[in-house]
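Reading through the structure tokens given below for one structure.
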Amino acid sequence: MTRKTRPVSWIKAALKEFETFPEGARSICLAALTIAAEGGKADVAKPMHGLGSGVFEIALPFRGDAFRVVYAVQFAEEIWGVHVFQKKSKQGIKTPQREIELVKDRLRRLKEMLR
């Protein structure tokens, strides 16, 4: 039995930001999203707490920078790239609050859009 690979869709602003990532970082993130689309979870992905189930963050250290891709698996038949950013702060691994607020806002709008 083959599993259906789900399509990966993007919120436009997230895709635009994603396209600014270095090539190598993008291909690692795309590989992780492909694993998600096939129903798995890549080693670089972890659940994002406090945002409901099915929201994950790809946390990628790449050449001294930290890249993040937040994606949601709980919408329809698609994986959604919700938010993408380069983490600048050096204060631990915590995702900055304003990034979390942006993710919450985009998830809310996505839910409404897909209704």
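All figures in this text were calculated on a predicted structure; none of them were measured in a lab. Counting begins at 1 with the first residue of the sequence.
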Non-hydrogen atoms of [X] and [Y] that approach each other most closely:
| X | Y | value |
| --- | --- | --- |
| I58 | A32 | CD1-CB, 3.7 Å |
| L107 | A72 | CD2-CB, 3.9 Å |
| C29 | L60 | SG-CD2, 3.9 Å |
| A37 | V8 | CB-CG2, 4.2 Å |
| A13 | R106 | CB-NH2, 3.3 Å |
| V73 | R6 | O-NH2, 2.6 Å |

query = Tell me the salt bridge (Lys or Arg N to Asp or Glu O under 4.0 Å) pairs involving residues 16-27, sequence neighbours left out?
reply =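 For residues 16-27: E23-R26.
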
Inter- and intrachain pairs under salt bridge (Lys or Arg N to Asp or Glu O under 4.0 Å), touching residues 71-85, at least two apart =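 Applying salt bridge (Lys or Arg N to Asp or Glu O under 4.0 Å) to every pair that reaches into residues 71-85, excluding sequence neighbours, yields K4-E77.
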
Test of understanding: clusters of I, L, V, M, F, W, Y form through side-chain heavy atoms closer than 4.5 Å, transitively. Do [X] and [Y] belong to the same one?
| X | Y | answer |
| --- | --- | --- |
| V55 | F75 | yes |
| L30 | W80 | no |
| V103 | I11 | yes |
| V44 | I79 | yes |

query = Considering residues at least two apart in sequence or located in another chain, which fulfil the side-chain hydrogen bond (donor to acceptor under 3.5 Å, both in side chains) criterion with Q74?
reply =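 In terms of side-chain hydrogen bond (donor to acceptor under 3.5 Å, both in side chains), with neighbours along the sequence ignored, Q74 is linked to no residue.
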
key: R115: partners by side-chain hydrogen bond (donor to acceptor under 3.5 Å, both in side chains), with sequence neighbours left out   =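 In terms of side-chain hydrogen bond (donor to acceptor under 3.5 Å, both in side chains), with neighbours along the sequence ignored, R115 is linked to no residue.
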
If you measure from [atom1] on [X] to [atom2] on [Y], what distance do you get to the nearest 0.5 Å?
| X | Y | atom1 | atom2 | result |
| --- | --- | --- | --- | --- |
| R68 | T95 | CZ | OG1 | 6.0 Å |
| L33 | I28 | CG | CD1 | 12.5 Å |
| L102 | E99 | CG | CD | 6.5 Å |

inquiry  = Does L51 form a side-chain contact (heavy atoms from CB on, under 4.5 Å) with K104? I'd like the steps, not just the answer.
reply    = CA-CA 7 Å; L51 293 174; K104 283 182 180 164; 3.2 Å; yes

inquiry  = Once ring-ring contact (aromatic ring centres under 6.0 Å, His included) is applied, what residue pairs with a partner in residues 12-58 remain, sequence neighbours excluded?
reply    =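 Matches after skipping sequence neighbours: W10-F18, F18-F21, F21-F67, F56-Y71.
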
query = What pairs meet the ring-ring contact (aromatic ring centres under 6.0 Å, His included) rule with one or both residues in residues 95-115, with sequence neighbours excluded?
reply =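 ring-ring contact (aromatic ring centres under 6.0 Å, His included) check on residues 95-115 returns no pairs.
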
query = Taking R63 for the side chain and A25 for the main chain, is one N or O donor matched with an acceptor at less than 3.5 Å?
reply =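 The answer is no, because no donor-acceptor pair under 3.5 Å joins these two groups.
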
key: Trace of the side-chain contact (heavy atoms from CB on, under 4.5 Å) decision for Q86 with T20   = CA-CA 10 Å; Q86 184 175 345; T20 70; over 6 Å; no

